[in-house]
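Working notes, structure below.
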Amino acid sequence: MTTTPCWRRFQDTLCHCPDLGLWLDISRMNFPDDFFSSQEPAVRRALAAMARLESGIIANPDENRMVGHYWLRAPELAPSPALTTEIKETVQRILAFTAEIHSGKRTAPGGRPFRKLLVIGIGGSALGPQFVADALGGPHDLLTPYFLDNTDPDGMDRVFGQMGDLADCLAIVISKSGSTKETRNGMLEARAAWQRAGLDFSRQAVAITGTGSELDTLAIAEGWLERFPMWDWVGGRTSVTSAVGLLPAALQGIDISALLAGARTADQATRESDIRRNPAALMALMWLQGSSGCGKRDLVMLPYKDRLLLFSRYLQQLIMESIGKDRDLDGNQVAQGLTVYGNKGSTDQHAYVQQLRDGVHNFFVTFIEVLQDRSGASLEVEPGVTSGDYLFGFLYGTRQALAEKGRESMTLTVERIDPATIGALIALFERTVGLYASLVNINAYHQPGVEAGKKAAGAVIELQKKVRAHLADHPGSSDPTAVAAALGVPEQTELVFAILRRLAVRG
Ligand SMILES: O=P(O)(O)OC[C@H]1O[C@H](O)[C@H](O)[C@@H](O)[C@@H]1O
C-alpha cells in the first residue's frame, strides 16, 4: 500500500456530497483493496440498525429508551404525531422567545434590553452550545455568550468578572436530568451573584430540562421566564439540535433554521445505501480501519480553521462517551474505545505534530479543510500569497509529511463555515458514531461509567461532611490515621488525608 496515493486512488475513493458542499478523501487510509467488499455485509447491518433506530425502536436497551436526535431536524420522521408536534412547537417557541428578546418586547427588569447570555450546563448540556457559539459567533452577536461549565469557584469568578454588569444578562440553565451537581452549583453561584447585585435571578432565568426534574420544579416554583423541554429520547451528547443548542444559538443571533437544515441534509446524505457515497458509512469504516476496530489507534482531529477549535472537544464527548464501553451488546467484555484529541492546524504543527510524524505510531488523523478563507479580500503577505494560502499549504504539507512516514489520514473538505455546515458536521459525526457502534456491536447511547464516578464523588462529599463535624468536636485533630479511625473508616485514611490537607490550605 502506497502512502502517497496516486490521483487514480484519490478519484476512486473520493466521496463528494454536493448538497452539503462536502468532500471526504480517504485515499490516505491504508485499507486493503477488498476492504469494502469484505465489510459490506457489516455496513448493511449497521445501516439497517440505524433505520430501525430512526423508526423509534428501543435503541438504547440499558436505559429502555428510543434514540431520536435525528427527528429533531426532521420532525415528520418521529414515531408519533404527538412527538412531531412537540418538536415543531418547541422550535417555534424558541424562535418566538428569541424574537421577543431581540426586539426588546421582553426586557430585563428595569426595561433594559438583554445583551448578554450566561449558559450554565456541563457535558452534553454545554459542549454543543459552546462549539456552536465559538464556531459561528463574532462581533455582531446579538447577545454575547458566556458559559459556566464546571464547579470550579475560581473559574466561575473569572466568568462573572468578564461579564461585569448582570442586569442585562439572560441566564439559561441546561440539564437534561435536572440534578447534575456541577450545574446546580453553577446556578446557585449565579443566583448568589445576581443577589449581590441586587437582582432577582428568577426574572432573568430560563430552564432547559426534563419535565418534572429538580431543575424543572425549581423553575416552576420560582416563576422563571421560560422552560424548554429536554426529552428522554435525546441523549445529552446528541442534544445540540434540540433546545439545548438551538436556544442559546438563536439568542446569540445564529440562524438556527439554517443549522437544522444543514443537519437534515447531512442526515439524508448519510442514509445513502451506496456505501461509497455515504460519508458517515465511509468514516465509520475508516475508524474501523484506523483503530483496528478496538481503539488501538487514536483519532487526531486537525481542523485548519480557528472557528473549529472546539470541535475536537465536542467530539471527545460524542465519540468517547458513546464508544468507550466495557461490554458489547452481547454482554462480552470488550473494553472498547476510540480516543479523540486535537485542537487546530496549523497551530498544532508547532506543538505535537513532531510526535505524529516521528514518534509513536498510535493514531490516524482527520484533517478538516475549509475552502473559504474569510468573507472579505485578503492581504498579500508575500507577492500573490495570502495568510489563507499558508493555511492551505500547511494542511497539505503536513498531510504529505505524515503520509511519507506511513501515517494514515482522512481529509474532510467543506466550502465554508456557516450554520448549515456546522449543522452538517454535527449530523455527520453523530451518524458516524452510530454506525461505528453497530460495526463494533456496542450500545452507543448509555454511559454507565459516568454514573460510577458521580456516585463515588457523592461519597467523598459525605465523608468530608463527617470529617468537618469531627473537627468541630475535636479542634486541632490533624492526624489522618486518627481521624479515619475515629470515624470508623480506616480504609479511607488516604481520602481523609486529602480532605484534611485541603481544609488546612483553605484555612
Ligand atoms: O444534562 P445533564 O443531565 O445535566 O447531564 C450532563 C452530562 O452528565 C453526565 O456527565 C453524562 O454522562 C453526560 O452525557 C451529560 O451530558
Side-chain angles (χ1 to χ4, degrees), residues 59-60 62-69 72 90 118-133 147-152 155-156 171-190 205-219 224 227-249 310-311 313-326 336-338 340 426 429-430 433-434 437 442-458 460-461:
N60 177 1
D62 293 35
E63 295 176 354
N64 195 30
R65 285 177 180 169
M66 301 188 292
V67 174
H69 47 277
L72 298 169
T90 302
L118 176 64
V119 179
I120 306 171
I122 197 166
S125 294
L127 288 161
Q130 283 170 316
F131 166 53
V132 171
F147 292 88
L148 292 187
D149 69 348
N150 200 358
T151 185
D152 175 2
M156 292 191 254
I172 306 182
V173 185
I174 310 179
S175 176
K176 176 179 172 178
S177 61
S179 57
T180 300
K181 296 301 182 204
E182 292 94 329
T183 304
R184 193 269 324 251
N185 296 354
M187 188 269 296
L188 291 175
E189 296 255 5
V206 174
I208 302 176
T209 187
T211 307
S213 75
E214 251 175 61
L215 173 58
D216 197 38
T217 310
L218 180 81
W224 290 16
R227 293 176 298 121
F228 290 92
M230 181 59 184
W231 299 291
D232 74 350
W233 43 266
V234 179
R237 54 188 171 274
T238 52
S239 66
V240 61
T241 56
S242 74
V244 169
L246 296 182
L247 181 65
L310 297 186
F311 196 37
R313 228 168 116 190
Y314 167 77
L315 289 178
Q316 269 175 344
Q317 189 204 20
L318 177 65
I319 297 174
M320 295 174 74
E321 205 167 62
S322 301
I323 305 299
K325 299 292 157 68
D326 184 37
Q336 262 294 353
L338 179 57
V340 184
I426 288 165
F429 277 84
E430 283 177 351
V433 167
I442 52 129
N443 177 358
Y445 307 106
H446 67 164
Q447 53 284 329
V450 180
E451 302 308 319
K454 283 184 196 168
K455 276 190 197 130
V460 174
I461 299 292

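Note that ligands are numbered from 1 as they come in the structure, with each ligand's atoms numbered from 1 the same way.
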Exercise. Does any N or O in the side chain of Asn60 come within less than 3.5 Å of the main-chain N or O of Tyr445, such that one atom is a donor and the other an acceptor?
Worked result: yes
Exercise. Got a sec, which residues hit ring-ring contact (aromatic ring centres under 6.0 Å, His included) with Tyr314, two or more places apart in sequence or on another chain?
Worked result: Phe131
Exercise. Are Thr180 and Ser177 close enough that a side-chain donor and a side-chain acceptor fall under 3.5 Å?
Worked result: yes
Problem set entry | Within-cut-off N or O pair, Gly178 and ligand 1, under 3.5 Å | no
Exercise. Is any N or O atom of Thr180, backbone or side chain, closer than 3.5 Å to an N or O atom of ligand 1?
Worked result: yes
Exercise. Counting each atom of ligand 1 from 1 as listed, which ones have a heavy atom of Ser125 under 4.0 Å away?
Worked result: 1 (O), 2 (P)
Exercise. Is there side-chain contact between Thr209 and Arg227, with at least one heavy-atom pair below 4.5 Å?
Worked result: no
Seminar exercise, completed: Nearest non-hydrogen protein atom to atom 11 (C) of ligand 1, with distance, is Glu321 OE2, 3.8 Å
Exercise. Is a donor on one side and an acceptor on the other found under 3.5 Å between the side chain of Ser213 and the backbone of Asp216?
Worked result: yes
Exercise. Are Lys454 and ligand 1 in contact, using a heavy-atom cut-off of under 4.0 Å?
Worked result: yes
Exercise. Gln447 to ligand 1: N or O pair under 3.5 Å?
Worked result: no
For this session: For ligand 1, indicate whether the residue Gln317 contacts it via side chain, backbone, both or neither (heavy-atom separation under 4.0 Å).
Result: side chain
